[in-house]
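The sequence lines fix the lettering, A, B, ..., with proteins before strands; numbering per chain opens at 1.
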Number of protein chains: 2
Amino acid sequence: MLEAAAREKALHEAEQACARRGAQLTPLRRQVLGLVLEAESPVGAYALLDRLKAARPGAAPPTVYRALDFLLEHGLIHKVERLNAYIGCSDAGHGHAHDHGHPHQFLICRRCGATAEIIDHAVAHAIAAAAERAGFVVSEATVEIEGLCARCAAA
Amino acid sequence: MLEAAAREKALHEAEQACARRGAQLTPLRRQVLGLVLEAESPVGAYALLDRLKAARPGAAPPTVYRALDFLLEHGLIHKVERLNAYIGCSDAGHGHAHDHGHPHQFLICRRCGATAEIIDHAVAHAIAAAAERAGFVVSEATVEIEGLCARCAAA
DNA sequence: AATCGGATGGAACACTATATCATCGGGCGA
DNA sequence: TCGCCCGATGATATAGTGTTCCATCCGATT
Ligand SMILES: [Zn+2]
Ligand SMILES: [Zn+2]
Ligand SMILES: [Zn+2]
Ligand SMILES: [Zn+2]
């Protein structure tokens, strides 16, 4: 997802964001975040586990799931439900001070697997309005749009 | 989800819709659809399997997954990704003649589990516009809104 | 020192979904 | 009628995803 330099920057910003929030981005959590950020596409928990084992042979499923839970909780990553996979937040640390991420949407390419996070306020507003009309109090909305990315659609 | 009378009606309409499409709603598939429709909330594949075993002791995971695939394919049910569960389409057979369902959104109550399908064109249009702007060709969009339903929010 | 709480180690297990091969049975042409 | 094809089902095994539970460690507090 990110090149080495951008990744280091993102990790540093994550540290600062956690510090501001009184959360500890421990070495393990930071390492898992690094693995998520260096993946090309959303990455599954067991793929992360395999990579994590290179550095920590004793790692087991709870190791990675606990780290993922922390990163989700603090808005540093998102889960892509349709893929059962995780991806770095493209907007991590940029303000929104609440507990679990922020409104966002994903564009998932069926062909190449590229997944882009977008933040479209019109979509968010339409969802809020539709829920409101039903007397529903929104806490979080999953929006995952599947199809062909610009590159693959052109080919 | 539906009372016995409404369920029978829905099953009958499903048969007609399948006949029109040249698909066979076999006894097994019809039975699984019936189990989905009689569930109170979205129901998992293995819960369906347990119930199916009452009538078909030999049923196994592929039995139910194959039936679910057929029902999804023909737009008779939807999958709720956040719950890994399945729910009857509230609009089955009402026109849309394409292969895999239709644009829709779910309102999922965190407290009571009630899940309602809505069809909000403003949401669909906002999603189409956002994708268009990114040069993305939409094939299907998952919209799952989590929060508190009107009943639970009032309490 | 005693205690407490968050973080990690580690084994086992639960839940969700698919792969693969065998079998059955209706439709259809030789 | 016989043989063949093909979609549906039976049955076993396996893959993939996520959780529970208990133990341990370590720094902070009292
Ligand atoms: Zn984000
Ligand atoms: Zn693509
Ligand atoms: Zn529907
Ligand atoms: Zn509710």
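- At the heavy-atom level, A/Y86 lies under 4.0 Å from the strands shown only through sugar-phosphate atoms.
- Under 4.0 Å is where a charged nitrogen must lie from a carboxylate oxygen, and between A/E140 and B/R110 at least one such pair does.
- Ring-plane geometry between B/H78 and B/H104 is classed as parallel, the angle between the planes falling under 30 degrees on a 0 to 90 degree scale with a further cut at 60.
- When distances run from any side-chain atom of B/T26 to the nucleotides C/dT16, D/dT17, D/dT9, the shortest one goes to D/dT9.
- A stacking contact links B/Y46 to C/dT16: the aromatic ring centre lies within less than 5.5 Å of the base's six-membered ring centre, and the planes differ by less than 30°.
- Side-chain atoms of B/R30 do not come within 3.5 Å of backbone N or O of B/L25 as any donor-acceptor pair.
- Contact detail for A/A155 and A/R111: the closest heavy-atom pair is CB-NH1, 4.4 Å.
- Between the CG atom of A/L48 and the P atom of D/dG18 there is a distance of 11 Å, rounded to whole Å.
- Here the P atom of nucleotide D/dT17 and the CG atom of A/L72 are 16 Å apart, to the nearest Å.
- Ranking C/dG9, C/dT18, D/dG18 by closeness to the B/Y65 side chain, first place goes to C/dT18.
- The side chain of A/R66 approaches D/dC21 more closely than any other nucleotide in the set D/dA8, D/dC21, D/dT9.
- Listed nucleotides: D/dG18, D/dA11, C/dT8. Nearest to the side chain of B/P62: D/dA11.
- Between the CG atom of A/L83 and the P atom of D/dG18 there is a distance of 11 Å, rounded to whole Å.
- In this entry the distance linking CG of A/L52 with C1' of C/dA7 reads 15 Å, nearest Å.
- When each of B/P27 and B/A60 is assigned the nucleotide of DNA chain D bearing its nearest heavy atom, the one mapping closer to the 5' terminus is B/P27.
- Comparing D/dA8, C/dA17, D/dG18 by their closest approach to the side chain of A/P61 singles out D/dG18.
- Minimum atom distance to the side chain of A/L28 is reached by C/dG9, of the listed C/dT16, C/dG9, D/dT19.
- Checked by atom type and distance alone, the side chain of A/R29 pairs as donor or acceptor with a backbone atom of A/Q24 at under 3.5 Å.
- One can place CG of A/L49 at 12 Å from C1' of D/dG16, the figure rounded to the nearest angstrom.
- Between the P atom of D/dG7 and the NE2 atom of B/H74 lies a distance of 13 Å, rounded to the nearest Å.
- The phosphate of D/dG18 has OP1 or OP2 within less than 4.0 Å of a side-chain N or O from A/N84.
- Close to C/dG6, at under 4.0 Å from its OP1 or OP2, lies no side-chain N or O of A/Q24.
- Considering only side-chain N and O atoms, A/K79 lies under 4.0 angstrom from the phosphate OP1 or OP2 of D/dG18.
- For the residue pair B/H12 / B/E8, no side-chain donor-acceptor distance below 3.5 Å is found, with atom types taken as modelled.
- One interatomic measurement links the two molecules: CG of B/D50 to C1' of C/dT16, which rounds to 13 Å at whole-angstrom precision.
- Distances shown here put a side-chain N or O of A/R29 below 4.0 Å from the OP1 or OP2 atom of C/dA7.
- The listed nucleotides are C/dA17, C/dG9, D/dG18; the one nearest the side chain of A/T63 is C/dG9.
- The nearest whole Å value for the distance from the CZ atom in B/R30 to the P atom in D/dA8 is 18 Å.
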